[in-house]
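For ligands, and for the atoms within them, numbers begin at 1 and follow the listed sequence.
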Amino acid sequence: MQFSLFSATLASLFLSIFSLSAQVEKTKKINFDIIPRPTKIIHQGEVLQWESDQLNIIYDQELYDQADHIITFFNERGITITSRSKQTLYLSLKKNEGNKESYVLYIKKDSIVIKANYPTGISHGIATLQQLVLLNKNQDKIKLPIASIIDEPRFPHRGLLLDCARHFFDKKTILKYIDLLAFYKMNTLHWHLTEDQGWRIEINKYPKLNSVAASRIEQTGEIYKGIYTQEDIQEIVRYGQTKNITIIPEIELPGHSQAAIAAYPDFSCTGEEVSVANDWGVFKEIYCAGNEQVFKFLEDVLLEVIDLFPSKYVHIGGDEVPKIRWKNCKKCQKRILENNLDGEHELQSYFISRIQKFLNANNREIIGWDEILEGGVSEQTIIQSWRGVKHAMKALESGNSVIMSPTSHAYLDYDLKSIDLKKIYLFDPIPSGSKPEYHKQILGGECNIWTEHVPDEKTLDSKVFPRIMGMAEALWSKGDKNYEKFNSRIQSHYNILDEFEINYGEEHIPILYKTLFDNNSLYLQLIPGGENLTIAYKRDISNANMIIYDSPILIDDNCKIIAQAYKNKRHFGEPIEIPLAKHKGLGKDVDYMTQFNEFYPANKNMALVDGELGTLDFRDGNWQGFFGKDVEIIMDLGTTTSDISQIITNYYQYSNSWIFLPKSIDIETSLDKTLWIKDNFTEVNPIQNPKSRKKEIAEIRIKAKNKFEARYLKIIIKNYGKVPEWHEAAGSDTWIFMDEIQVNHILEK
Ligand code: ACM
Ligand code: ZN
């Protein structure tokens, strides 16, 4: 019995859909809101109203799987497949050459024809037919247009990375996602199977991967366990084949491997026992690169992996590899010496290239995260670019093909403030400014759903939908983009997602906001994140009732505004908290001697003087990040001022994400930006508690020692230094995160 996405309970709705002869209606509107938008739709203007409960299907022998799926689809809607029907659906292959995924779909008065060069194209034609049927069902009838659709994708690689290691999703969920990918013409499930927090693929030769590495003890003391047996995997891979979804396994190495090391401690540099990680982050226990047993282990594992996965590609990870263990390991250092390697970066390259040679000898190619470029890779390696586009550009120049999944557009674990449907829809995998001769090396893209904060299927659905539909269209459809039209097609799909029982999330954040300045007054403007939204708000967490927002709110003191959006009188999204600061530096010019990091720009040059403070969510858009360096910023107050009594700056601390409080904060003052006075303020050294795993905000107040005159303030912030020894990512650079430079002329109460 094959799994099917479409609920049989709905079958009764669809009884009597096809009649003995199709009636042609000219008046009823047909819905063509297919996602992704096809290359060409030629509509003959007529609409068929099929009113039969029978359909004949004729298909080429090689198309058994595709026929089986469409038969199931119609059966579940009460249609009997019988050769006695006057209506026939033809599935036919043309020539097994040309574009692998193109198809044509003809809907005529007595037949529907799907033709393609390859079975994959037939699958896409079926997805289009299914969408037309579902978009045009009308109580117990189906209308179809007399039309021709000619279609092919813009990019050959269109995928979803599903992290089943941080959280485990059962076989049923994986099969459902294969259906959904096929329905939206994606063609790859990138299956992330091994991590610090769990190993999820049964390997016969190493039973402790099952008995030890697949379980973790949560901080609550509960055991969290999950593994796919080889039988499960065979079933999933086979099901993927019937839907023309390639499943690419990812076996992470040399990093993100603490779970395997918990099972087999000899494979780490120290040999010390560790537990399967029960926290999120990057961990320093990685495979020892000087130990031959490690390579034997990985080769054994990969042999079982390639037996299970026919995919030409195996993803070997390669991202986020702290090198501290290698630095201090005799075996690793010996390997570096013997192979004439230039330090640990080249040792990583040695590691990857050994695994690559092994896989190549077994007829497979590798895909790796863009870090693997660091020590050089062979030209056949496919690079999955995630850290912006600059690594992709480097890969293209080195002749490598690239899969684009930049954190800026493709990370579905990020919230809507960073990545909403519109942003994904407008994503162009071809980096602007890249040379046209490189474009054919850009294979396409993937959206990634990392599941640290996705504990269950409901949350998964809400993060993936509807945004993945934006990616599906960005990767498939050619030609000009129009978000309004796309969004209107999205609206048509919500009924379908309801029918599939998908717990989809929102398209965009409910509320945007910005501060406005008028002379010395500060206002907060609240902006609906989309159409038909009303916003209500109140000050602080009081019992006061919310009031409807209609114009910018005057902010006369530091406070917190709570705002909630409504659509059709119902809550739209969660309430948001906006902490604000009124101070003398608002809107002043700020000169960055140290540039903020491109991934955490917040409100760019205004970030530290916009009155907007950060919350405990360090991705809330108010925290500005500086990576691995000291920070120096000069603020111009515009005129010489004599009433500055204190400067308040907040810093974020979250050691899991390598964000630490600075070592020191000092302030110098100047009248002319040339002569700087050091002793109007005393340097402050924040009390460090780096081992805390909590997300915390430290407020640092620096009071003036004297009354003084100044026009310029220089804030000098010293970085914590490297991630400390005890930390999983020991030796890496650290972040400074700050939200505002509050220049306060009121002496604190
Ligand atoms: C990644 O997000 N670490 C590839
Ligand atoms: Zn080692």
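A salt bridge does not link Glu365 with Lys312: none of the charged nitrogens is closer than 4.0 Å to a carboxylate oxygen. Using a 4.0 Å cut-off between charged side-chain N and carboxylate O, Glu292 and Arg335 make a salt bridge. Using a cutoff of 4.0 Å between basic side-chain nitrogens and carboxylate oxygens, Glu598 and Lys390 are scored as salt-bridged. Salt bridge absent: Lys463 and Asp413 never bring a charged side-chain N and a carboxylate O closer than 4.0 Å.
Atoms of ligand 1 found under 4.0 Å from any heavy atom of Trp450, numbered from 1 in the order shown, are 1 (C), 2 (O), 4 (C). Near Tyr411, the atoms of ligand 1 lying under 4.0 angstrom from a non-hydrogen atom of the residue are 1 (C), 2 (O), 4 (C). Short contacts between ligand 1 and Trp369, defined as distances under 4.0 Å to a heavy atom of the residue, involve ligand atoms 4 (C).
Contacts between Glu320 and ligand 1 below 4.0 angstrom, taking non-hydrogen atoms only, involve the side chain exclusively.
Looking only at protein heavy atoms, the nearest one to atom 3 (N) of ligand 1 is Asp319 OD2, 2.6 Å.
Rounding to 10°, one obtains 110° for the angle at the Zn ion (ligand 2) between SG (Cys269) and SG (Cys332).
Geometrically, Lys208 engages Tyr264 in a cation-pi contact, judged by NZ or CZ lying under 6.0 Å from the ring centre and within 45° of the ring axis.
Of the N or O atoms in His256, none lie within a sub-3.5 Å distance of an N or O in ligand 1.
Taking the six-membered ring for Trp and the full ring otherwise, the centers of Tyr651 and Phe660 sit at least 6.0 Å from each other.
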